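In what follows, a structure is listed as structure tokens, so that the remarks can point back to it.
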Amino acid sequence: MSISPPIERGPETGPRYKFRSHTLQISRGYPLPLGASRTTRGVNFVLIARHATSVCLVLSEPCNPEIATEIPLDSRAFRTGDHWHVQVEGLPEEFCYGYRVDGPRGPMHRYDPSIVLLDPTCRALSCGRPWGHSAGTTRRSLLTRPLNDLEDNLGPGIPRSDSILYEMHVRGFTVDPSSGVRHPGTFAGLIEKVPYLKDLGITAVELLPIDEFDENDCNFFDPATGARHRNLWGYNTIAYAAVKAAYASNWEGGEPREEFRRMVAAFHRSGLEVVLDVVFNHTAERGDDGPTYHFKGLDNSLYYMLDDDGKYLNFSGCGNAVNSNHPIVRSQILSCLRSAVAESGVDGFRFDLASVLGRDRRGNVLVEPPVIEQITEDALLAGTKMIAEPWDAGGLYQVDNFPGGHRWSVWNGRFRDDVRRYWKGDPGMTSALATRLCGSDDVSQGRGPLHSINFITCHDGFTLADLVSYNDKHNEANGEGNRDGSDGNLSWNCGVEGPTDDPGVNALRARQARNLMATLLISQGVPMILGGDEFLRTQRGNNNAWCQDNEISWVDWSLAGQNADFLRFVRMMIALRKRHHVLRRRTFLNSHPGHSPDIIWHGEKPGQPDFSDRGYALAFALDGRRSDRDEVDRDLYVAMNAHWEPLTFQVPESPSGRPWRRAVDTSRPSPEDVVGLDEGPFVMLMEEYRVEARSMIILISEA
């Protein structure tokens, strides 16, 4: 390394350096905490670099690639174990820093002292820019002024049993001009949409990654225009603990983090929770041909899973897999989670490709992964919601056996697939559907129905509107020859591929959308709705829109007016779920005849369910007197017909003997498709109710 010498060395105070007009004085400092932290005398810097042979602290101006000052940590005094540390006095309130690190050569190591590395624990990056504007290679770790006080930022503490999740993308939700917000595509823009979300009835937003990533790292082009795509979703993290500057209306300095914290507080004031999608399974450094931001240059063999030849193990599908069960790595993961809760009040986390966290450094599957156990048992995180995407790109699928116990919920891919199969008309799905409606005890393995996060759609795949409008994916615009994205969509276009003016096809699609949404909202477990599905947002058949920073991915708010009938249906179905705790149980339903069952299965005839391999119809009644809460609820009767012809169901007596009223009939036009409590007509005992083709009904007993 080429290192600038100190300007002088005091007899007692140690070397002095110049930075801007400031004279800096250095001392040994302290080996904890990691990162850059303010002390009574200055700023203490701590970096872990186990195999490094030399480390230099680099100081620079924001957005200036030139190194202003470089401080070598060249004596044993600056190292305690594998912690390199130094205290610097005289620094301004805000400045940039990084490290140049050298070490041994070989297949396991990637040391390159010509690269200025980021601090992997830093809370902000310098040179923030508006979305799409490249910061080039000038981004450095940034130490900003201390965070502002946010008093009374207390989350609502909604029980899992009462939760309704709403998955959204910070930029995509409000960037379209139709959103009408003053700060489109930002945290501030989301604040403006809080009244809408509150009125919709959801209880929590689940935000796609908000950590720093480079939206310009996409290598694909639009084949029609030649324009380079952008990485919209952000599953390619550069700095785990730094908030994405381009998601803030003021992207400079520490403002992005402050704006994010204000957004969380605004959600809390309205009684809504904030769950973050976190990506600890890989980083943006990719594989052999990827860039070096931090881990590669600090200690490649410690931070990543490698084979015996130093090749990256790729269980993420993105070029590398983080060695998350190493004690140092899992400590840094815990630090990120704890900071998000302690500083910003975040209410929970969804772990992307969480099964990667269950592998050791060679990729072997662990029965009790230390990082999962540490997250589960952490005292500060005890009140937060933990959600796993329980699979990875290496073929590990843990929907039914994800470790962590009762603290964790999982994205239930089996719920998604079975409900889709049933409503697209696959025969013999009634037994599987019954299991999903009851909370998926086959998946939960005794952990209760709240272990299951139920969803029909999510960011990855078709939207609800596209699920009933396309048989096949249409990803040509992604620039990969339509090879990307899943081919197994379990969708049905209702007879025509894509948009159509056929009123019959459009009516069937709307009915199918109502069926799917209603099934989601009456199932035991925790429902999750994809943002925009409530007014039938479309991605034009694209089921992998990660690179579509345009109208394909952006939420078109004009659809809320065009599809107001469906939006009304979703709002009222959410209200129905929230009104009836018999749909939100904390324990599994008892369905054993003769033991006062909580649920009674029916078919077209009372007490005669058809669980055969040719069944298309399913009905059931829930006994409102038998809940796992203190108060008594109404009884509910549901009849579902996925057949292409109408079926006649004989309505049974309600479990409590009270009269039935119709609440939902997805075959009826709005506003008769769903009505308020006790507003629907009476349905008599043993009456024959014609459930139209591909539709469902819900009856609710009188009080």
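What you see is a predicted model; the values in this text were computed from it and never measured.
- Enclosure of atom CZ in Arg76 is not indicated, since only 12 or fewer non-hydrogen atoms of other residues, nucleotides or ligands lie within 6.0 angstrom.
- For the pair Lys296 and Tyr304, the cation-pi criterion (under 6.0 Å, within 45° of the ring axis) is not fulfilled.
- For Glu66 against Asn64, the heavy-atom pair with the smallest separation is N-OD1, 2.9 Å.
- Residues Asp307 and Met108 approach most closely at O-CE, 3.3 Å, considering heavy atoms.
- One side chain, Glu167 or His459, offers a donor N or O that lies under 3.5 Å from an acceptor on the other.
- Taking the charged nitrogens against the carboxylate oxygens, Arg41 and Glu89 do have a contact shorter than 4.0 Å, which makes a salt bridge.
- Relative orientation of the Tyr97 and Phe95 rings is tilted, given thresholds of 30° and 60° on the angle between their planes.
- No side-chain N or O of Thr174 forms a donor-acceptor pair with one of Glu192 less than 3.5 Å apart.
- For the side-chain contact (heavy atoms from CB on, under 4.5 Å) criterion with Val170, the lone passing option out of Leu208, Leu207, Val175 is Leu207.
- At a threshold of 4.0 Å, the pair Arg407-Glu377 does not count as salt-bridged, since none of the basic side-chain nitrogens sits closer than that to a carboxylate oxygen.
- Among all heavy-atom pairs drawn from Met305 and Asp360, the shortest one is SD-O, 3.5 Å.
- With contacts defined as side-chain heavy-atom distances shorter than 4.5 Å, the pair Val55/Leu47 qualifies.
- Checked by atom type and distance alone, the side chain of Glu70 never pairs as donor or acceptor with a backbone atom of Cys56 at under 3.5 Å.
- Of the candidates Thr237, Asn236, Asp211, Leu353, Thr237 is the only one forming a side-chain contact (heavy atoms from CB on, under 4.5 Å) with Val279.
- Ser339 and Arg123 share a donor-acceptor pair across their side chains, judged by distance under 3.5 Å alone.
- A donor-acceptor contact shorter than 3.5 Å is absent between the side chain of Glu215 and the backbone of Trp131.
- The SG atoms of Cys63 and Cys127 lie less than 2.5 Å from each other.
- Within a 6.0 Å radius of CG in Asp149, other residues, nucleotides and ligands contribute 12 heavy atoms or fewer.
- In this structure, Trp546 has its ring center at least 6.0 angstrom away from the ring center of Tyr235.
- In summary, of the residues considered (Phe19, Tyr17, Phe45), a side-chain contact (heavy atoms from CB on, under 4.5 Å) with Val88 occurs for Phe45 alone.
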Applying side chain to side chain contact (heavy atoms under 4.5 Å, CB included), run through Asp378 and Arg338 and close with a yes or a no.
-> CA-CA 9 Å; Asp378 187 85; Arg338 299 177 98 241; 3.0 Å; yes
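- A donor-acceptor pair under 3.5 Å links the side-chain atoms of Thr283 to the main chain of Glu285, judged by distance alone.
- Between the side chains of Arg140 and Ser60, a donor-acceptor pair is found at a separation under 3.5 Å.
- Heavy atoms from other residues, nucleotides or ligands lying under 6.0 Å from CZ of Arg362 number more than 12.
- Remark: side-chain polar atoms of Arg361 are not paired, donor with acceptor, to backbone N or O of Ser301 under 3.5 angstrom.
- Using a 4.5 Å heavy-atom threshold, the side chains of Pro390 and Trp411 count as touching.
- Using cut-offs of 30° and 60° on the angle between ring planes, the pair His169 and Tyr247 is perpendicular.
- By the 30° and 60° cut-offs, the orientation of the rings of Phe351 relative to Phe280 is tilted.
- Between Tyr303 and the choices Leu298, Val322, Asn320, Asn323, the side-chain contact (heavy atoms from CB on, under 4.5 Å) rule is met once, by Leu298.
- The closest donor-acceptor contact from the side chain of Ser344 to the backbone of Arg261 lies at 3.5 Å or more, if one exists at all.
- In this structure, the side chain of Asp309 does not engage the main chain of Lys311 through any donor-acceptor pair within 3.5 Å.
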Practice item. May I have the step-by-step check of side chain to side chain contact (heavy atoms under 4.5 Å, CB included) for Thr384 and Leu337, ending in yes or no? Key: CA-CA 10 Å; Thr384 59; Leu337 299 175; over 6 Å; no
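- Side chain of Arg228 to main chain of Phe221: no donor-acceptor pair is present (N/O by atom type, distance under 3.5 Å, no hydrogens or angles).
- When atom types are taken as modelled, the side chain of His294 and the backbone of Ile238 share a donor-acceptor pair closer than 3.5 angstrom.
- Closest heavy-atom contact between Asp347 and Pro156: OD1-CD, 4.4 Å.
- With hydrogens and angles disregarded, no donor-acceptor distance shorter than 3.5 Å links the side chain of Thr144 to the backbone of Gly253.
- Checking His83 against Tyr30 by side-chain atom types alone, no donor-acceptor pair falls below 3.5 Å.
- Salt bridge Arg139/Asp214: absent, no basic N to carboxylate O contact under 4.0 Å.
- Residues Ala52 and Trp84 approach most closely at O-CZ2, 3.6 Å, considering heavy atoms.
- Listed for the Ser553 side chain is a donor-acceptor partner under 3.5 Å among the backbone atoms of Ala545.
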